[in-house]
Amino acid sequence: MTGTIFDIKHYALHDGPGIRTTVFLKGCPLGCWWCHNPESRSGEIVTFRKKEKVSGREIVKEAVAGKKITVNELMEELEKDALLYEESGGGITLSGGEPMQQFRFSLKLLKVLKKKGYHTCMDTTGYTRQKELERVAVYTDLFLYDLKHFDDNMHKKYTGVSNKIILENLRLLDRLGKTIEIRYPLIPGMNDDEADLLRMLAFLQKLSRPYPVTILPYHKIGSHKYERFNLEYKMEGIEEPSADHIDEIKEMIIKNGFEATIGG
């Protein structure tokens, strides 16, 4: 069995506890306007042109986004950092894209990782089939769970899909007693309405325990990729949130009974 990945990030510090290796899988059912990994949307391997400067001259090279890999081949790469995982309390994180788009590959990889005793983490949109999520949950120690917008109509507008499955799957993981960290991308003018944020926090208060919330402030780092992959860029004119605004959101989350941190 092979999977399709587009990156492996060693020494990751923001994708779960300790020092980790993050595997980025291709394919995502959402089309978030602010996505900084647009190359992850398609599950296919894509060829593109990349500009580079060599000796002061700009040249155009052909490059590839994505590659096929087996679980055994991936394990060889992941286990290069085994000592770091052990010493730091780290492990392996599956991200994307959406790792549940490649359910069978992700499940097989997680089974192998747990058999070898590694800490496993999945960074997920939560937009997936419940039965499949239940199966990977057995082998996943931590879920980094995205909540992008609580209003369903706005969620459809900015991501292309309803949030109903996402909220139901969060309830499911809560019932299963899984360890969860909520990830909230802060996008000025799109999902930072105070009333809507309070509704989201009220929903979280009804779960079995107060899960920590990580705020992910919008940034423009991936904006140049849209032209490269012939995708529409919808964030023109949207500025990154100010430090004061980020702090205001953080305080609101804390006042409602949650631990809140600002992510990278």
Side-chain angles (χ1 to χ4, degrees), residues 1-10 12 14-16 20-48 63-71 73-74 77-78 91-110 113 120-129 132-133 135-137 139-140 142-149 155 158-163 165-166 169-170 173 181-185 187 214 216 218-219 221-226 228-235 263-264:
M1 179 190 295
T2 61
T4 307
I5 65 172
F6 67 94
D7 197 11
I8 298 175
K9 181 181 177 183
H10 294 273
H14 303 290
D15 298 331
R20 312 187 68 80
T21 302
T22 302
V23 181
F24 293 88
L25 289 89
K26 279 183 67 64
C28 186
L30 277 65
C32 303
W33 287 21
W34 51 84
C35 179
H36 60 273
N37 285 329
E39 70 271 36
S40 72
R41 290 183 182 177
S42 169
E44 303 299 318
I45 296 171
V46 180
T47 302
F48 63 96
V64 175
K67 72 172 184 176
K68 296 285 186 181
I69 194 168
T70 67
V71 169
E73 289 169 339
L74 186 50
E77 183 68 22
L78 297 176
I92 294 89
T93 298
L94 305 191
S95 187
E98 170 51 64
M100 292 300 295
Q101 285 287 99
Q102 298 186 54
F103 161 68
R104 294 186 183 281
F105 182 79
S106 294
L107 179 62
K108 185 174 181 180
L109 177 59
L110 288 166
L113 290 169
T120 58
C121 175
M122 180 176 285
D123 186 356
T124 180
T125 64
Y127 192 83
T128 189
R129 297 180 182 89
E132 293 181 352
L133 186 62
R135 291 181 67 184
V136 301
Y139 306 98
T140 305
L142 169 65
F143 284 92
L144 306 179
Y145 204 94
D146 297 350
L147 286 184
K148 302 174 188 295
H149 210 302
H155 198 280
Y158 293 125
T159 75
V161 302
S162 169
N163 66 8
I165 291 173
I166 294 167
N169 280 336
L170 180 54
L173 293 178
E181 176 189 310
I182 303 300
R183 294 207 154 184
Y184 163 61
I187 320 296
T214 298
L216 301 176
Y218 165 67
H219 59 71
I221 292 173
S223 59
H224 66 284
K225 297 181 181 179
Y226 283 78
R228 178 186 296 172
F229 293 101
N230 197 30
L231 295 169
E232 181 185 3
Y233 183 63
K234 298 182 178 181
M235 298 297 286

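When reading the values below, keep in mind they use all heavy atoms of this one structure, side chains included, and skip hydrogens, waters and symmetry mates.
- In this structure, the side chain of S40 engages the main chain of G97 through a donor-acceptor pair within 3.5 Å.
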Original post:
Taking it one step at a time, do D7 and E39 satisfy side-chain contact (heavy atoms from CB on, under 4.5 Å)?
Top reply: CA-CA 10 Å; D7 197 11; E39 70 271 36; over 6 Å; no
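- Residues passing the side-chain contact (heavy atoms from CB on, under 4.5 Å) test with I165 are Y127, N169, sequence neighbours excluded.
- A 4.5 Å side-chain heavy-atom check between I8 and L74 finds at least one atom pair inside the cut-off.
- To the nearest 0.5 Å, atoms CE (M235) and OH (Y226) are separated by 8.0 Å.
- Considering all non-hydrogen atoms of both residues, S223 and Y233 come closest at CB-OH, 3.4 Å.
- Contacts classified as side chain to side chain donor-acceptor pair (under 3.5 Å) and involving residues 98-107 (residues at least two apart or in different chains) are given here: E98-T124, E98-T125.
- Side-chain N or O atoms of R183 include none that pairs as donor or acceptor with a backbone N or O of Y145 at under 3.5 Å.
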**OP:** Before giving the answer on side-chain contact (heavy atoms from CB on, under 4.5 Å), spell out for K148 and I166 the whole-Å C-alpha distance, their side-chain angles and the decisive distance to 0.1 Å.
**Re:** CA-CA 10 Å; K148 302 174 188 295; I166 294 167; over 6 Å; no
**OP:** Please assess L147 against L170 for the test side-chain contact (heavy atoms from CB on, under 4.5 Å), listing each intermediate value before the final yes or no.
**Re:** CA-CA 10 Å; L147 286 184; L170 180 54; 4.1 Å; yes
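- Here the closest non-hydrogen pair linking F105 and T70 is CE1-C, 4.0 Å.
- Shortest non-hydrogen contact noted between P99 and L25 is CB-CD1, 4.2 Å.
- The distance from atom NE2 of H14 to atom CG of L144, rounded to the nearest 0.5 Å, is 12.5 Å.
- In this structure, the side-chain hydrogen bond (donor to acceptor under 3.5 Å, both in side chains) partners of E77, at least two apart in sequence or on a different chain, are H10, K80.
- Considering every non-hydrogen atom in both E181 and L142, the closest pair reads N-CD1, 4.1 Å.
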Original post:
Does the pair I92 and T120 meet the rule for a side-chain contact (heavy atoms from CB on, under 4.5 Å), with working shown?
Top reply: CA-CA 5 Å; I92 294 89; T120 58; 5.6 Å; no
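- Each of K67, E44, K68 was checked for a side-chain hydrogen bond (donor to acceptor under 3.5 Å, both in side chains) with T4, and the lone residue meeting it is K68.
- K225 places a side-chain N or O within donor-acceptor distance of the main-chain N or O of H36, the cut-off being under 3.5 Å.
- Within the model, atoms OG1 of T214 and OH of Y184 stand 13.0 Å from one another, a figure rounded to the nearest 0.5 Å.
- At distances below 3.5 Å, not a single donor-acceptor pair connects side-chain atoms of R129 with backbone N or O atoms of M100.
- L133 contributes atom CG, which lies 9.5 Å from atom CZ of F103 (distance to the nearest 0.5 angstrom).
- The side-chain heavy atoms of L94 and V136, taken from C-beta on, include no pair separated by under 4.5 Å.
- The shortest side-chain heavy-atom distance between V46 and F229 falls under the 4.5 Å cut-off.
- Summarising the geometry, atom CG belonging to D146 is positioned 8.5 Å from atom CG belonging to L30; distances are rounded to the nearest 0.5 Å.
- Between the T93 side chain and the D15 main chain, a donor and an acceptor come within less than 3.5 Å of each other.
- Here the closest heavy-atom approach between residue D123 and residue S95 is recorded as OD2-OG, 3.4 Å.
- The two atoms that bring F48 and V64 nearest to each other are CE2-C, 3.7 Å, heavy atoms only.
- Between W34 and Y158, the ring-plane angle classifies as tilted under the 30° and 60° cut-offs.
- Distance NZ/K26 to OG/S42: 5.0 Å, rounded to 0.5 Å.
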